[in-house]
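Step one of this worksheet: look at the structure below.
What's counted below: heavy atoms across the whole structure, side chains too, no hydrogens, waters or symmetry copies. No experiment lies behind these values; they were computed from the predicted model shown.
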Amino acid sequence: MSTRLMDVNDAGKEAISSISDIQLYIDGVFVHADSKETFENISPFTNEPINRVASGDTEDIDQAVKAARKAFKGEWGNLKVKERLAYIYRIADLIDEHIDEIAPLESYDTGLPLSQTKKMVARSAHNFRFYAEMVSSRLVGDVYQVDDEFLNYTIHKPVGIAGLITPWNAPFMLETWKIAPALATGNTVILKPAEWSPLTANRLAEIIDKAGLPDGVFNVVHGYGEKAGAALVAHPDVELISFTGETTTGSEIMKNGADSLKRFSMELGGKSPIIVFDDADLDRALDAATWGIFSFNGERCTANSRLYLHESVADTFVERLKERVQNIIVGDPMREETQVGPLIHKKHYNNVKGYLELAKEEGCEVISGHIPEDMSRGNFIAPTILLNAHNNMRVIQEEIFGPVIAVMTFKEEEEVIELANDVRYGLAGYVWTKDMQRGHRVAQAVDSGMLWVNSQNVRDLRTPFGGSKHSGIGREGGYYAFEFYTEVQIIHVALKDHHIPQFGKK
Ligand code: NAD
């Protein structure tokens, strides 16, 4: 382990060497699952066990719901907003203090390169700070004045217990992206982290514990999706479910939550296009396309997995992309220089490998970069380009969720808009052109929740985040999250004695 961790500082080394089996966090206490069952957490880099994780189920979800309800009705629910937000700021500060431990743990658990997890963890602290600021400045109601007769106004109330179900691709960042607005608006939380990436969720529970939040406000129940996740979704006392994950899982969850009339936020899969016109700044477009698909090991929901090149620039662009792919540094996620690490799990690796086989069968030329020889125990897929692709292939229609970019060409603007929209997903899109009229025109014509023009996925947390079509329902981010995490109540007040019909009066 020592040579593996040469780029990790002492705090990170200490965090990794002290990894132990992890428990659930319910009502302010770390506990075994009621069944005492555990599951194995496997290293993406070696495929050896890292630790064992308590495997929660219905009984544990039940306990967490009771604790969350008690906190919601009790101490947490009675706090002044300022007092509540002081806790949120404290969580942000504590995350910042522990970046050097959390980022290496995340890389160790997920295979995401260290240089990238450091940024994700810093962003996670920002998620809390941002939502504390948003609640104080933007959680405001409307007033509707009706002459001098009525004053109608809205207020926002927390909904109750928020069930948060998260994926493994950027675990700590995505968990905090949900927890921060849920807590800042006054709800209590039960987090069900992805079973392939449990480590940092427990580090977060330790941090929240240290921040001193009342017991039961924040709970973590690890476990399989079809057990702990399904129990959370079906529980009649959980008011809302914010889910990020695969489209098919989202659809299953909505069915299972129908009986208890859950409120849902759905952040689902993607197959996002990047369109490069002949007048684009090709150097920058190349940087953006390469980073957009190969960062996060290609396991990024907003990855630009479909590259549409104007035919007049396609040959040169592809040559330069091939060169990039050969030079990308694939390796140990714990090394600072690594750009692409191993995929999260053998199952996911086999899935992506299967798509590369399929690409050949469907007629693509498959061009791959290099994996160093000593990486053979990990779930490594070299950065890969699919050439000769077209829209009616499965590799173009389905989300691969690995370091694989498919290249296609186009002649006309209308043609490329049609190609870009010809998938069931609509999460993100990217357009590169110096003609800003065309930039706006194409941006508006692409069916996607988010569209970047001459930019590579630079986020502005105030803006809505989410997908259209099969990529999602609802928006998180900015004050858009308030629609989901709060109940809006309208209060009608009469300022005068207005006419009231007098039924039955003699
Ligand atoms: P997944 O759907 O397999 O699992 C996500 C979570 O759902 C896990 O915690 C899992 O345990 C849980 N789960 C599974 N079945 C469940 C059930 N029946 N009931 C309740 N919970 C259940 O997704 P994944 O493989 O972890 O993540 C990858 C997917 O996430 C990709 O499709 C990616 O595009 C998507 N994603 C989307 C966004 C976005 O913002 N739109 C962001 C990140 C990832």
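For the pair E476 and S265, the minimum side-chain heavy-atom distance is below 4.5 Å. Using a 4.5 Å heavy-atom threshold, the side chains of N454 and M436 count as touching. Between K118 and E336, the closest side-chain pair of non-hydrogen atoms falls below 4.5 Å. A heavy-atom distance below 4.5 Å is found between the side chains of Y430 and T302. With contacts defined as side-chain heavy-atom distances shorter than 4.5 Å, the pair Y108/F45 does not qualify. The closest side-chain heavy-atom distance from I190 to L164 is not below 4.5 Å. The closest side-chain heavy-atom distance from E362 to L358 is below 4.5 Å. Using a 4.5 Å cut-off on side-chain heavy atoms (C-beta onward), Y89 and R129 make contact.
Side-chain atoms of S197 and T110 include no donor-acceptor pair closer than 3.5 Å. Between the side chains of T338 and D332, no donor N or O sits under 3.5 Å from an acceptor N or O. There is a side-chain donor-acceptor pair under 3.5 Å between N41 and D109. Counting only N and O atoms by type, the side chains of Q326 and H370 include a donor and acceptor under 3.5 Å apart. For the 3.5 Å distance criterion, the side chains of Q116 and S295 fail to qualify, holding no donor opposite an acceptor. Using modelled atom types and a 3.5 Å distance limit, the side chains of T244 and K178 yield a donor-acceptor pair. Side-chain contact check for S55 and T38: no donor-acceptor pair (N or O, by modelled atom type) lies under 3.5 Å. Donor-acceptor pairing under 3.5 Å is lacking for the side chains of E399 and S305. Side chains of S272 and N304: a donor-acceptor N/O pair is absent below 3.5 angstrom, by distance only. Of the N and O atoms on the side chains of Y308 and N391, at least one donor lies less than 3.5 Å from an acceptor on the other residue. For D21 and N51, the side-chain atoms include no donor-acceptor pair closer than 3.5 Å. Between the side chains of H345 and N47, not a single donor N or O lies within less than 3.5 Å of an accepting N or O. Between the side chains of N457 and S455, not a single donor N or O lies within less than 3.5 Å of an accepting N or O.
More than 12 non-hydrogen atoms from other residues, nucleotides or ligands lie less than 6.0 angstrom from NZ of K346. With a 6.0 Å radius and a threshold of 12 heavy atoms from other residues, nucleotides or ligands, D93 has its CG atom above the threshold. Environment of NE2 in H440: sparse, with no more than 12 heavy atoms of neighbouring residues, nucleotides or ligands closer than 6.0 Å. More than 12 non-hydrogen atoms from other residues, nucleotides or ligands lie less than 6.0 angstrom from CD of E48. Under a cut-off of 6.0 angstrom, the local environment of NZ in K322 is crowded, with over 12 non-hydrogen atoms contributed by other residues, nucleotides or ligands. Taking a 6.0 Å sphere around CZ of R424, one finds it holds more than 12 heavy atoms contributed by other residues, nucleotides or ligands.
What you find for E106 and T200 is that their closest heavy atoms are OE1-OG1, 2.6 Å. For the residue pair N219 and I26, the shortest heavy atom distance occurs at OD1-CA, 3.5 Å. Residues G28 and D209 come closest through the heavy atom pair O-OD1, 3.6 Å. Considering all non-hydrogen atoms of both residues, F484 and I241 come closest at CZ-O, 3.4 Å.
Judged by the 6.0 Å and 45° rule, R438 forms a cation-pi pair with F277. In this structure, R300 satisfies the cation-pi test against W291, with its NZ or CZ atom closer than 6.0 Å to the six-membered ring centre and inside 45 degrees of the ring normal. R459 forms no cation-pi arrangement with W452, by the criterion of a distance under 6.0 Å to the ring centre and an angle within 45° of the ring axis. Cation-pi check for K227 over Y224 is not met; the charged atom does not lie both under 6.0 angstrom from the ring centroid and within 45 degrees of its normal.
The existence of a salt bridge linking K469 and D447 is confirmed by a sub-4.0 Å separation between a basic side-chain nitrogen and an acidic carboxylate oxygen. Taking a cutoff of 4.0 Å between a charged side-chain nitrogen and a carboxylate oxygen, D279 and K434 do not qualify as a salt bridge. Note on R203 versus E101: salt bridge recorded, some NZ/NE/NH1/NH2 to OD/OE distance being below 4.0 Å.
Using the six-membered ring where Trp is involved, F401 and W168 have ring planes that are perpendicular, over 60° apart on the 30 and 60° scheme. Ring-plane geometry between Y25 and F218 is classed as tilted, the angle between the planes lying from 30 to 60 degrees on a 0 to 90 degree scale.
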- request: Show your reasoning for whether side chain to side chain contact (heavy atoms under 4.5 Å, CB included) applies to I405 and L321.
  value: CA-CA 10 Å; I405 188 166; L321 183 63; 4.2 Å; yes

